[in-house]
Amino acid sequence: MAIQNPFSSILKTLENPEGGVFGKYYSLPALNDPRIEKLPYSIRILLESAIRNCDEFAVKANDVEKIIDWENTAPKLVEIPFKPARVLLQDFTGVPAVVDLACMRDAMNRLGGDSNKINPLVPVDLVIDHSVQVDVAKTENAVQANMELEFQRNRERFGFLKWGSSAFHNMLVVPPGSGIVHQVNLEYLGRVVFNTNGVLYPDSVVGTDSHTTMIDGLGVAGWGVGGIEAEAAMLGQPMSMVLPGVVGFKLVGKLRNGVTATDLVLTVTQMLRNHGVVGKFVEFYGEGMSELSLADRATIANMSPEYGATMGFFPVDHVTLQYLKLTGRKDETISMIESYLRANKMFVDYSEPQVERVYSSHIELNLSDVEPCISGPKRPHDRVPLKEMKADWHACLDNRVGFKGFAIPKEAQAKVAEFSFHGSPAQLRHGDVVIAAITSCTNTSNPSVMLGAALVAKKACELGLEVKPWIKTSLAPGSGVVTKYLAQSGLQKYLNQLGFNIVGYGCTTCIGNSGDIDESVASAITENDVVAAAVLSGNRNFEGRVHPLTRANYLASPPLVVAYALAGTVDIDFESEPIGVGKDGKKVFFRDIWPTSEEVAEVVHSNVLPDMFRATYQAITEGNVTWNQLSVPEGTLYSWDSASTYIHEPPYFKDMSMSPPGPHGVKNAFCLLNFGDSITTDHISPAGSIHKDSPAAKYLLERGVDRRDFNSYGSRRGNDEIMARGTFANIRIVNKLLKGEVGPKTIHIPSGEKLSVFDAAMRYKSEGHDTIILAGAEYGSGSSRDWAAKGPMLLGVKAVIAKSFERIHRSNLVGMGVIPLCFKAGEDAESLGLTGHERYTIDLPSNVSEIRPGQNVTVVTDTGKSFGCVLRFDTEVELAYFDHGGILQYVIRNLIYAKQ
């Protein structure tokens, strides 16, 4: 029997100043609680959600009180439930989500439940954007050519998603070729305020990509979660989260002339990394806010995962409303948004006196202190001021192998690799650029840096500069709007002249979809051990991600991507060394091609127009001819094809019974892998190409798939057999069991044999042995990937013992029934003398009621050593998931048990 919301007395009516009413809303001011006035705006969104969804079961009045008392409760790491307004998926994570929903329907059916209960209960927006491989570049027909190849490779996967859009209610699928998910979310999908059945409430979203945080720039609370958590949220389950601390980030001043939003975000990323914001919200405020366009804010919000925060939030203000108007939202909708947020004390009006809000800690940046910079060569928070780049590069060549080192001997640093490029003599040196890509929603959503890049191209072309023909250049706009304003400005032709032709609308180089580089260039790199470079306007540059042959990868603004492509190397001092020689024979310097801020502002103002957004998004769900011609099966239960190498029924629910299996410990487990710090989800679950000698390649070849049709790991996330084989298949992974050797291998401890990780795991499973993983700090950092947890579980990993975990990845491990454990502070495998050759036992009670979140447990080895760890089940709900064998099993059983 439904329980009335205990806060129904504060349900008020919002009048429309033009006449009539907008709807009803739960009024925070009506609570008459002075603590609310001091709450950060981001916490107010959590508060409103708890009030609106309060049923004294999933969300209780006590939870509301915890949030109101945030100043006192947040330091205590209290648990609260949160129900987001919607869920955002992209195709790489959308496919396994729809696979799991289809499997859950089958399981529900087998267990005698109503399979049609398995439906999204909140709106789900699924944008197909991750399948654009840069096969064809530097030509004007690249978009069509790549789109045709995209459909050839992904027809089965696309058909499956099209089936899902009709089989499941409340699911919007945006077809391929429309844009990058987060840019589409910002420009079109973001509601800011929902009006559902006459009730108004703030838009909030969780997404299966960590850069969901980009929407925070629009004042919509959003962050990345694991695909597993997202699926539970879709099914109406409240997300259990620890009430976060909020870091107040004050902005003052104004950016100097020629400094870009990308320079700003790389600076902010480094500052927040140093401050320490993991698991926290960051909320921006201050007089400097008026100097930041919404696109600049979105750029900063986008990189929240890189600085470690759950989100980087910009409350709604007049700049937000101007952006909504620019992007073609209706005037009545904007009026409703402003009226609601003002009435509910969620709107910032900088023309009014500001009530001082309480923050957990503070940090401040004068925007005038920001200087041009890039980040790399292996991590996004390793910022390098542009003026120091040449010296930093040479230090990287000297340094031992690590995040800032390649250990190239002094005598080899000046080595020149001679090769023939299509019949012409060519040379490569350490630091030479072989990939230059304007890519990623981080920057492609920002007209100032996109048009800034076009102005750099124009100036360079007019001076007669050219890009070396062996550099793979590409431009992947995040939406069709970018194409429209580049065409309107007349500047696209200059980008084309330098080889930055549009290659497609979606995630490309930043996600590892760089495509092949020319064979002659690849051979020159491998045969001469050249440390080649990629420069991209992305947000991730972890080793092995961009391309297997680019060991140095630098994040830069789109204008700098063009500048480095022209220079042809990162080994350059832009202040004193010329970029090239112009057509008049004179040296051309960086300053000769760099536009002023005024030049950029003028071209943005003249060419970025509301009609462009309206025209682009009016047609977005209509798809294209190829999409519309895809035939899909009918029915609400999916007909699995056992021969498919794209869509395969996973084994999660086989042998599932109505009774939860209960907690499991670990007994005499072998160590499958022994890692150091900063093992990312790219190391655990690669999203790039499938290596020809990998277990996944062997699987595909055995099933008659030609090597040229392997596609990427990301595109095959709907097949558990391939993804299990791709787990820990990164060619740059460093496993201490291999004693210095790099690559996706490990030692099978009982026999001493060196095997692929997959083969070793399968041998352990066949022998009846559990396995664990040892790791250092920041285990699982990088993109949120459910397969980084599903894969290890399928390999038989029962526990991961690390110094620390990335937030989403720890949650995903819990969701798949893998035990996350943290070494005690100041300890790690090395300090404890653990080699990975021991066997490990972790005893846990068989009754979940005897386990507490965050309790201490003892790990015992067969060598007589024992050490304490913290059990990283952080909430009671996570313990319930563990008791059921995983979050999806928990959802199924609860739906069956629920009263009809």
Side-chain angles (χ1 to χ4, degrees), residues 89 91-107 110 118 130 154 156-157 159-161 163-164 208 226-231 637-656 672 681 684-688 690-691 694-703 705 710-730 744 756-766 771 783-798 809 812-813 815-818 885-889 891-892:
L89 306 174
D91 54 322
F92 274 12
T93 48
V95 168
V98 178
V99 165
D100 289 351
L101 288 172
C103 282
M104 290 173 75
R105 275 195 174 170
D106 290 345
R110 286 196 300 271
I118 306 292
H130 266 42
N154 298 291
E156 184 181 348
R157 196 164 60 93
F160 178 68
L161 290 175
W163 167 81
T208 51
I228 303 150
E229 274 188 304
E231 290 167 32
L637 295 177
Y638 190 70
S639 300
W640 303 98
D641 178 2
S642 59
S644 172
T645 57
Y646 276 100
I647 308 297
H648 184 264
E649 183 177 12
Y652 312 138
F653 308 113
K654 287 182 177 172
D655 303 321
M656 177 181 169
L672 181 64
T681 50
I684 304 168
S685 177
I690 297 172
H691 195 271
S694 66
K698 181 182 177 184
Y699 175 89
L700 289 169
L701 290 169
E702 286 173 351
R703 282 151 184 79
V705 179
F710 278 4
N711 213 331
S712 65
Y713 279 111
S715 67
R716 293 187 181 273
R717 283 189 185 180
N719 188 306
D720 58 288
E721 295 281 3
I722 290 171
M723 295 308 293
R725 286 163 172 79
T727 303
F728 300 113
N730 188 302
S756 73
V757 176
F758 175 78
D759 288 341
M762 291 304 100
R763 186 177 295 186
Y764 281 129
K765 285 185 82 169
S766 68
T771 55
S783 299
S784 58
R785 291 194 192 146
D786 53 344
W787 273 111
K790 290 177 178 176
M793 183 276 289
L794 290 174
L795 294 184
V797 173
K798 301 299 182 185
H809 184 62
N812 277 352
L813 289 173
M816 294 311 297
V818 178
I887 191 171
L888 300 180
Q889 291 87 341
V891 168
I892 290 173

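Below, all heavy atoms of this structure are taken into account, side chains as well, without hydrogens, waters or symmetry copies.
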Heavy-atom side-chain contact between [X] and [Y] under 4.5 Å:
X      : Y      : answer
Met104 : Val891 : yes
Tyr652 : Met816 : yes
Thr771 : Leu795 : no
Asn812 : Trp787 : no
Ser644 : Ile647 : yes
Phe92  : Ser712 : yes
Lys790 : Met723 : no
Leu700 : Ile690 : yes

task: Give, for atom CG of Asp786 and atom CD1 of Ile887, the distance between the pair rounded to the nearest 0.5 Å.
output: 11.5 Å
message: As an exercise, state the distance from CG of Asp759 to NZ of Lys698, rounded to the nearest 0.5 Å.
response: 6.0 Å
Pairs meeting criterion salt bridge (charged side-chain N to carboxylate O under 4.0 Å, His left out) with involvement of residues 640-654, two or more places apart: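 Sorted result for residues 640-654: empty, none.
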Exercise: identify the closest heavy-atom pair between Thr208 and Gly227: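 So the minimum-distance heavy-atom pair works out to CG2-CA, 3.5 Å.
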message: Using every non-hydrogen atom in the two residues, find where Thr727 and Gly791 come nearest and quote the distance to one decimal.
response: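 Between these two residues, the closest heavy atoms are OG1-CA, 3.3 Å.
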- request: Apply the test side chain to side chain contact (heavy atoms under 4.5 Å, CB included) to residues Ile722 and Tyr646: give CA-CA distance (whole Å), side-chain angles for both, the deciding distance (0.1 Å), then the verdict.
  value: CA-CA 9 Å; Ile722 290 171; Tyr646 276 100; over 6 Å; no
Non-neighbouring partners of Tyr638 that pass ring-ring contact (aromatic ring centres under 6.0 Å, His included), sequence neighbours left out: Phe160, Trp163, Trp640
query: Please walk me through it: do Val95 and Val99 pass side chain to side chain contact (heavy atoms under 4.5 Å, CB included)?
result: CA-CA 6 Å; Val95 168; Val99 165; 4.2 Å; yes
- request: Determine, for Arg157 against Asp91, whether the closest basic-nitrogen to carboxylate-oxygen distance falls under 4.0 angstrom.
  value: yes
Qualifying residues under side chain to side chain donor-acceptor pair (under 3.5 Å), relative to [X], sequence neighbours excluded:
X      : answer
Ser694 : none
Tyr699 : Arg703
His691 : none
Glu721 : Arg725

- request: Kindly determine whether Asp106 and Phe653 satisfy side chain to side chain contact (heavy atoms under 4.5 Å, CB included), including the steps that lead there.
  value: CA-CA 9 Å; Asp106 290 345; Phe653 308 113; over 6 Å; no
- prompt: Counting distance only, does the side-chain N/O of Arg105 pair as donor-acceptor with the main-chain N or O of Ile118 below 3.5 Å?
  reply: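 Side chain of Arg105 to backbone of Ile118: a pair is present.
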Option among Asp720, Leu794, Asn719 that satisfies the side chain to side chain contact (heavy atoms under 4.5 Å, CB included) test with Pro650: Asp720
